[in-house]
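Read through the structure below, which is laid out as structure tokens, and then see the notes.
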Amino acid sequence: MHNLIYLNDLAGTALDPYVRLNEAQLSHAMKPGMFIAESPKVIERALRAGYRPASLLMEERALERDLADLDHEMAANNTQGLGQTLIYVISSTLIRQLSGYNMLRGALAAMYRAERPSLADFLATLPGDHPRVAVLERVVNPANVGAIFRSAAALGIDGVVVTSDSADPLYRRSSRVAMGTVFQVPWTYVDAKVWQEAGIGLLHQLGYQTAAMALRHDTVSIDDPQLSRVEKLAIILGAEGPGLMERTIAQSDFTIKIPMAPGVDSLNVAAASALAFWELGNRNDS
């Protein structure tokens with residue numbers, strides 16, 4: 001049994017998370033904040049990962065199909081059902097008034113954020129004796145963040161660390177581009193100031209060697225055998241244009257490059273991450 005509330009307009013305050021609050025406002029709405037998951041597939045993965053919904057907003061004509069899919073997914077993964085979660089139902093005419101309608105696939109969910117562990121606690125939870133993590137330093141484009149998460153999920157990266165001056169992985173564009181893998185790959189934040197002042201040192205203290213992806217004369221190739229022999233490796237990726245901070249590069253154990261054809265000196269950070277994760281990740285090729 002679902003708690004369905006049929007609405008004839010978008011005026012009520014209950015719909016503020018979907019209609020009137022931007023993502024920054026939502027993230028600070030209440031501790032630990034909220035975010036919007038859009039499309040049934042992304043909502044399924046968020047629920048499967050244990051995120052709690054505050055409410056859902058669904059298109060009436062797709063209601064039966066989408067609720068059946070969500071219920072089936074949660075049952076298959078032993079996930080708690082929607083219970084008495086408020087589900088607002090609106091017409092196709094109304095949902096077309098929402099920003100990005102074509103991306104919504106008829107469903108959105110306002111979900112509570114989860115508290116993120118400290119860097120030390122996070123790294124201690126990663127499985128295996130050969131962990132590979134990605135660090136996103138000032139990666140401000142949400143689409144790039146989402147694409148990096150999708151590659152991380154596919155190519156054997158055990159966790160992602162995101163500096164607080166990067167785009168939020170839970171922003172709608174990030175999670176949409178990631179196809180919901182931001183709910184699949186373990187990740188945490190590190191404060192940008194802490195990272196700038198002591199980030200590499202913290203990783204070293206926690207037993208990690210660091211590999212900065214940067215265009216420098218003293219680089220090693222991404223397929224250098226010494227990289228695969230590192231027990232614990234953090235792969236550090238920087239923003240489009242400015243790249244990594246000089247301090248990050250100088251303090252890293254390796255500076256790595258992707259060999260490219262003459263006349264091209266760099267790749268988009270998301271494309272570069274996919275190649276790095278393919279070469280350095282813990283893929284199961286069996």
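Small disclaimer: the values here were computed from a predicted structure and weren't measured. Side chains included, hydrogens not; waters and symmetry mates left out as well; all remaining heavy atoms used.
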For the backbone of [Y] and the side chain of [X], can you confirm whether one donor and one acceptor N or O come within less than 3.5 Å of each other?
| X | Y | result |
| --- | --- | --- |
| Arg116 | Trp187 | yes |
| Asn282 | His130 | yes |
| Arg52 | Met111 | no |
| Asp158 | Val133 | no |
| Arg113 | Met34 | yes |
| Thr255 | Thr219 | no |
| Ser175 | Arg172 | yes |
| Ser174 | Leu170 | no |
| Ser221 | Asp224 | no |

Counting C-beta onward and ignoring hydrogens, is there a side-chain heavy-atom pair between [X] and [Y] closer than 4.5 Å?
| X | Y | answer |
| --- | --- | --- |
| Trp195 | Arg138 | no |
| Leu280 | Leu233 | yes |
| Leu227 | Ile256 | yes |
| Val135 | Ile235 | no |
| Ile90 | Glu59 | no |
| Leu136 | Ile236 | no |
| Pro169 | Tyr189 | yes |
| Ile36 | Tyr18 | yes |

Polar contact flag, side-chain donor to acceptor under 3.5 angstrom, Glu60-Ser92: no
Audit row: Phe35, Tyr51, ring pair (Phe, Tyr, Trp, His ring centres under 6.0 Å) steps and yes/no: CA-CA 10 Å; Phe35 67 95; Tyr51 287 87; 5.4 Å; yes
For side-chain contact (heavy atoms from CB on, under 4.5 Å), just list the numbers for Leu47 and Leu70, CA-CA rounded to whole Å, side-chain angles, deciding distance to a tenth of an Å, and then say yes or no. CA-CA 9 Å; Leu47 291 168; Leu70 288 173; 4.1 Å; yes
Find out if a path of hydrophobic residues (ILVMFWY) with successive side-chain heavy-atom gaps under 4.5 Å connects Phe149 to Met179. no
Decide whether Val162 and Val140 are clustered together by the hydrophobic rule: side chain heavy atoms of Ile, Leu, Val, Met, Phe, Trp, Tyr closer than 4.5 Å, transitively. no
Looking at CD of Glu137 and CD1 of Ile249, how far apart are the two atoms once the value is rounded to the nearest 0.5 Å? 8.0 Å
Counting only pairs under 3.5 Å, give me each side-chain donor-acceptor contact of residues 197-212, with atom names and distances, residues two or more places apart or in other chains.
| unit_1 | atom_1 | unit_2 | atom_2 | d |
| --- | --- | --- | --- | --- |
| His204 | NE2 | Asp253 | OD2 | 2.8 |
| Thr210 | OG1 | Asp253 | N | 3.2 |
| Thr210 | OG1 | Asp253 | OD2 | 3.3 |

Of the non-hydrogen atoms in Gly159 and Phe122, which two are nearest, and what is the gap between them? CA-CZ, 3.9 Å
Within a 6.0 Å radius of atom CG on Asn8, are there more than 12 heavy atoms belonging to other residues, nucleotides or ligands? no
Sequence neighbours left out, what passes side chain to side chain donor-acceptor pair (under 3.5 Å) with Tyr171? Give chain and number order. none
Contacts of type side chain to side chain contact (heavy atoms under 4.5 Å, CB included), residue Ala250, not counting sequence neighbours: none
Quick one, Leu7 with Leu15, criterion side-chain contact (heavy atoms from CB on, under 4.5 Å). Give me CA distance, side-chain angles, the key distance, then yes/no. CA-CA 10 Å; Leu7 300 177; Leu15 296 188; 3.7 Å; yes
